[in-house]
Protein chains: 2
Amino acid sequence: MTDIKQIILEKYFERDDGMPEPNQFKITTCKFDENQKIEKDHIMIKLEYVSVDPYLRARMNSKKTFVDPFKLNEPINSGCVAKVLKSTSDRFKEGDHVSGYFDWKEIQIVKVTNQILIADPNIAPFTAYLGICGMPGVTSYYGTVLIGKPKKGETFVINAAAGAVGTIAGQIAKVHGCRVVGICGSDEKANSLVNDFHFDAGINYHSPTYAEDLKKACPKGIDIFYENVGGQVSDPILLLLNVHARVACCGAISVYNKKVSDDIGQRAQYIVFEKRITMQGFLVFDYSDDDYNNAFLHLSKWLKEGKIIEKHVMNNGFDQIIPSFIKIFDSKNNKNVGKVIIKL
Amino acid sequence: MTDIKQIILEKYFERDDGMPEPNQFKITTCKFDENQKIEKDHIMIKLEYVSVDPYLRARMNSKKTFVDPFKLNEPINSGCVAKVLKSTSDRFKEGDHVSGYFDWKEIQIVKVTNQILIADPNIAPFTAYLGICGMPGVTSYYGTVLIGKPKKGETFVINAAAGAVGTIAGQIAKVHGCRVVGICGSDEKANSLVNDFHFDAGINYHSPTYAEDLKKACPKGIDIFYENVGGQVSDPILLLLNVHARVACCGAISVYNKKVSDDIGQRAQYIVFEKRITMQGFLVFDYSDDDYNNAFLHLSKWLKEGKIIEKHVMNNGFDQIIPSFIKIFDSKNNKNVGKVIIKL
């Protein structure tokens, strides 16, 4: 028997409760028998890399929103890369690495499904399976390519631009020849978008001249708006949209910590009408396995060719999972650029 | 030489100027020679029916919005039915009736284009060429069918429901088996929607219990929202949208008389994301002639079969054009149900 750690959700925090806090989680220790026999088509895995993502906040409400709530007193679950310790599946063998949605629990046994994929270091580094070649990358692909329908010379604007999805989606738009403008929470991040990710402009929305800065960065208006944030950061963006613009609503992190009916600001409908815009919400989980595989193929190719670079923030140790998660909501004070990953 | 009347736009009124007022227009009299020769492919026509529509408000701004501004001191122009007095076109002969966008001028000579169509009383009454079988009908068809993609049993909500587009779009949704809820500006109109147009519910948004009334009328949420109004009337509608709902943004009459950046209320993006909604703006003029003809065929068939009824408000006389136009913006005090037409 081994002592292993896991993180459980001890109490829900509703939208009105605001930002998540450490006391809503609990790290517990339990016994695990590594010598136990496992059922057919199961694997025993050891977590190596854990992803923390904004959407997890919504799973910590007691009520269903765009995702189902976690169960109380059970381990939280997110995208992870793990090493296979034992396998009764034809698809994986001991020593393989796999990516999938796993519990925040050091060692666990899971049933093999189509959502568990091999993580092959010859195709992409393990960390990329949580970023460019994983859920954030595929999400970025759907929003940028399938909804955004980018054309050469168009202006593409994205907020939360220094985040996992932002850095990838902006680079995908660059691959398609767009002018890419990224909006983020600090001057350092804005500089990184331009210098590291080759965006055409990076804008700090905390600046008192934010709306003017944005206008200057988009002299031809905005053709594609990739929406991750919502709230007042997005109000000036709507006013710059061009005729027949596309808006891909991928998330609205500014609203996750409050009631929807309290989300008051620029209404969209008149603008959507006047400019004959298509505004479309989407969720990575709504697409088919074929769509996923197609996106993966493009993304891993662009990564290999160096057309998209991978950059992540790596925190070390199981105890860093919760602080890393909480920090992603504090865009002003965190210094994260790219995917946040915890290496165990 | 005959004395004929025309209506010119004497001064622009910008969004900030609020509601249109009579002194912004001028009725003038000019001489017209009915015996003059006309160039090839032209027709001399005498207006018989004039349509006043909300979108005309936007043509009275000095700046382009979704339509071009009218020129100052030139006649205003809208959908009309006219009688052909003389023709040098192969398509029309003396005595025919035609529908098209004509000047507010009793007699005029116009060049024949594809946008001028025969108005055949054997297919539909002349008034229907300004309603069900004209621009409002085709607009309703595009929004309800092409964007709304109605399925049997879905809930369809429309505002400005007692207007020209509202009464038609709601009936088209009924033809497709939807539960149809119409929102309008008085109890009398709400009753008419149910009794005359067979909507499932009519709701007066001036009621202090508007949001609750709407919720009760939509026990299964809203699958299709046909948006004509915007502003606070629409805020509670957004909160009731279902997963994968469609929003057809056809207009936003509440915003035509104010600055877009002053249109503050429920933001849409979080909702569009959470429910994976498609919100699409459209303009009847963006579609092809084929789309128009296809819509016309369906609409004239439904009219003949009695599946859609025509109802309009008829005001008599050239001098009624301006008061009729101004009144359409005062939804509380006008008693209009259906298309407003002025018969000369």
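Throughout, a chain's letter reflects where its sequence line sits, starting with A, and its residues are numbered from 1.
Between chain A and the options S234(B), G231(B), P236(B), G230(B), heavy-atom pairs under 4.5 Å are most frequent for G231(B). Between chain B and the residues A268(A), S254(A), A252(A), G251(A), the most heavy-atom pairs under 4.5 angstrom are made by G251(A).
Within the model, atoms OG1 of T278(A) and CZ of F282(B) stand 11.5 Å from one another, a figure rounded to the nearest 0.5 Å. Rounded to the nearest 0.5 angstrom, S261(A) OG and L238(B) CG are separated by 12.0 Å. Taken from CG in L283(A) to CD in E274(B), the straight-line distance is 10.0 Å, to the nearest 0.5 Å. Taken from CD in Q280(A) to CD in Q280(B), the straight-line distance is 9.0 Å, to the nearest 0.5 Å.
In this structure, R267(B) contributes its side chain and I264(A) its backbone to a donor-acceptor pair below 3.5 Å. A donor-acceptor pair is defined here as one N or O able to donate and one able to accept, closer than 3.5 Å; no such pair exists between the side chain of Q269(B) and the backbone of M279(A).
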- Message: If you apply the rule side chain to side chain contact (heavy atoms under 4.5 Å, CB included), what do you find for Q266(B) with D263(A), and how did you get there?
- Response: CA-CA 6 Å; Q266(B) 180 65 52; D263(A) 182 29; 4.2 Å; yes
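Contacts between residues 53-69 of chain B and chain A, counted as heavy-atom pairs separated by less than 4.5 Å, involve T65(B), F66(B).
For K327(B), the NZ atom counts as loosely surrounded, since its 6.0 Å shell holds 12 or fewer non-hydrogen atoms of other residues, nucleotides or ligands. When the shell of 6.0 Å around NZ of K215(A) is examined, it contains 12 or fewer heavy atoms from other residues, nucleotides or ligands. Counting non-hydrogen atoms of other residues, nucleotides and ligands closer than 6.0 Å to CD of Q232(A) gives a total of 12 or fewer.
No part of I253(A) comes within reach of chain B, as not one of its non-hydrogen atoms sits under 4.5 angstrom from that chain. Within the 4.5 angstrom heavy-atom criterion, no atom of I147(A) approaches chain B.
Between Y256(A) and Y270(B), some side-chain heavy-atom pair lies under the 4.5 Å cut-off.
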